[in-house]
Amino acid sequence: MTSPEPQPSFIKLAMRNMVRKGGKSLYHFFLTTFGLLALLVGLAYLTH
């Protein structure tokens with residue numbers, strides 16, 4: 001009889017997914033960063 005293994009945590013699954021997808025994750029990270037910076041600069045320009 002084998003003992004059931006505990007479910008991996010969400011963070012562990014996310015890290016495993018990031019390592020598996022490699023460049024695609026970095027592309028999405030930089031795209032999100034650029035989008036947030038553009039949003040903040042746009043809001044600062046509109047509300048100056």
Side-chain angles (χ1 to χ4, degrees):
M1 184 169 198
T2 61
S3 63
E5 293 191 20
Q7 293 285 333
S9 69
F10 176 76
I11 294 174
K12 186 178 272 186
L13 288 174
M15 293 295 285
R16 191 176 298 162
N17 192 30
M18 189 176 77
V19 169
R20 188 176 54 200
K21 290 191 176 181
K24 193 173 189 179
S25 292
L26 287 175
Y27 173 71
H28 287 162
F29 173 75
F30 288 120
L31 193 63
T32 302
T33 302
F34 178 75
L36 285 175
L37 284 175
L39 176 70
L40 291 175
V41 169
L43 286 174
Y45 176 76
L46 290 175
T47 60
H48 73 282

What distance separates [X] [atom1] from [Y] [atom2], expressed to the nearest 0.5 Å?
{"X": "L26", "Y": "L31", "atom1": "CG", "atom2": "CG", "value": "12.0 Å"}
{"X": "H48", "Y": "L46", "atom1": "NE2", "atom2": "CG", "value": "9.0 Å"}
{"X": "F34", "Y": "L39", "atom1": "CZ", "atom2": "CG", "value": "11.5 Å"}
{"X": "N17", "Y": "F10", "atom1": "CG", "atom2": "CZ", "value": "9.5 Å"}

**Study point:** S25 backbone acceptor or donor facing H28 side chain under 3.5 Å
**Key:** no
**Study point:** I11, CD1: over 12 other non-hydrogen atoms inside 6.0 angstrom
**Key:** no
